[in-house]
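Structure record follows, encoded as structure tokens.
Just so you know, these numbers come straight off a predicted model, no measurement behind them. Both backbone and side-chain heavy atoms feed into the values below; hydrogens, waters and symmetry mates do not. Ligands are counted one by one from 1 in listed order, and the atoms in each one are counted from 1 as well.
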Amino acid sequence: MRRSPLGATWSILAPERSRRPQGPAIVSADSLICPFCEGNESETEPEVFALRLANTESNGRGWSVRVVRNKYPALRPNANALSDKRSAVFEHAAPHGFHEVIIESTDHHATFARLPLRQLETILGVYQSRMQSICAEPNIRSAALFRNEGPAAGASQAHPHAQLIALPVIPERLTRELAGAERHFDSRGCCSTCELLEREAASGRLVAENGEFAAVTAFAPRFPFETWIIPKAHCHDFRVLDPTKLRGMAQLFAQVFGALESALGAFPFNLVLQNAPVDVTDSGERAFHWRVEILPRLTTPSGFELGWDVFIVALSPEDAAAILRGGGVSKTASVPRCDDSDV
Ligand SMILES: [Zn+2]
Ligand SMILES: [Zn+2]
């Protein structure tokens, strides 16, 4: 693992990733063997966790959610991981970590909009328990739970699945957000996300809410229809969310993905859990508030976005929220598609 001496971003050098199935041909060719479909369990690495019917055997049929190590991992556990190495310019970290695949359903064509609510709740429960297990491993400092759907979002398998990568470092972006949240807390005496939630109700960006969660379109989006799902009660880490609240979270997932599918049809997206680092300080715990980001990939980031981290978005989040609520939008609003990205 290397940290850029100039940009502070981390890179994981993982040559074996080049052997994984590539791109749209695999995703659309349902005639090929899907390693994540029931009956093809031998095509994956052995399972590390599964919810199964009684009297069924590991790595066989009879599961509802199945977790395996990634066959082409970005990182592997390394018991001999050395601490960071620094020189005047270059910073390295020993490659160490975990890369798991959470296979979310036996239904190859399931989407979050169409899964039964109970299965969605079960999936979120598995996300939480895998986060808890993987973050308890030695020398893990942060964990990324994410989901890629569709080739435009980087998926190489069409079957519904999420991924979990645990890292021995804290990525720069999370470090920056945590520091910003702590500064906000120090100056205003409250968490920035809690304060944002209070104001979103009247902002026109509220998409849906229930007693425990709110869904809002992002104030400063990177992609059209970028939507965040946020717990209403302050909580820094999804791992410590009261499991009784998973039902409310699943309800909001179903509602938001249903609205997105109604507006966009089948759409490529990334889903990202923004969570506090593993051993966050007390002040970080007060200031950081976890959320789930849904990033529809209707446009492709261009040189401007990649080089400057400034995003051009053709649809306002207020109009996007109105579309997702099923209401009217301003006359200028139109749904951008991929070919709008080339400025
Ligand atoms: Zn499948
Ligand atoms: Zn908060």
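- Salt bridge status for E121 with R247: present, with a side-chain N to carboxylate O gap under 4.0 Å.
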Inset, instruction - Verify side chain to side chain contact (heavy atoms under 4.5 Å, CB included) between V292 and W228, making sure each step is shown before the conclusion. - result: CA-CA 6 Å; V292 170; W228 295 1; over 6 Å; no
Inset, instruction - Before giving the answer on side-chain hydrogen bond (donor to acceptor under 3.5 Å, both in side chains), spell out for D242 and T244 the whole-Å C-alpha distance, their side-chain angles and the decisive distance to 0.1 Å. - result: CA-CA 5 Å; D242 180 344; T244 62; 3.0 Å; yes
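- Using a 4.0 Å cut-off between charged nitrogen and carboxylate oxygen, E195 and R188 count as a salt-bridge pair.
- Of the angles at the Zn ion (ligand 1), the one spanning SG of C34 and ND1 of H108 is 110° when given to 10°.
- Note on the Zn ion (ligand 2): protein N, O or S atoms under 2.8 Å away count 4, no waters included.
- Remark: E91 does not engage R2 in a salt bridge, criterion side-chain N to carboxylate O under 4.0 Å.
- Electrostatic pairing of R297 and E149 does not count as a salt bridge here, judged by no charged N lying under 4.0 Å from a carboxylate O.
- Within H159, the N, O or S atom at minimum distance from the Zn ion (ligand 1) carries the name ND1.
- Salt bridge annotation for E172-R3: present, with a cationic side-chain nitrogen under 4.0 angstrom from a carboxylate oxygen.
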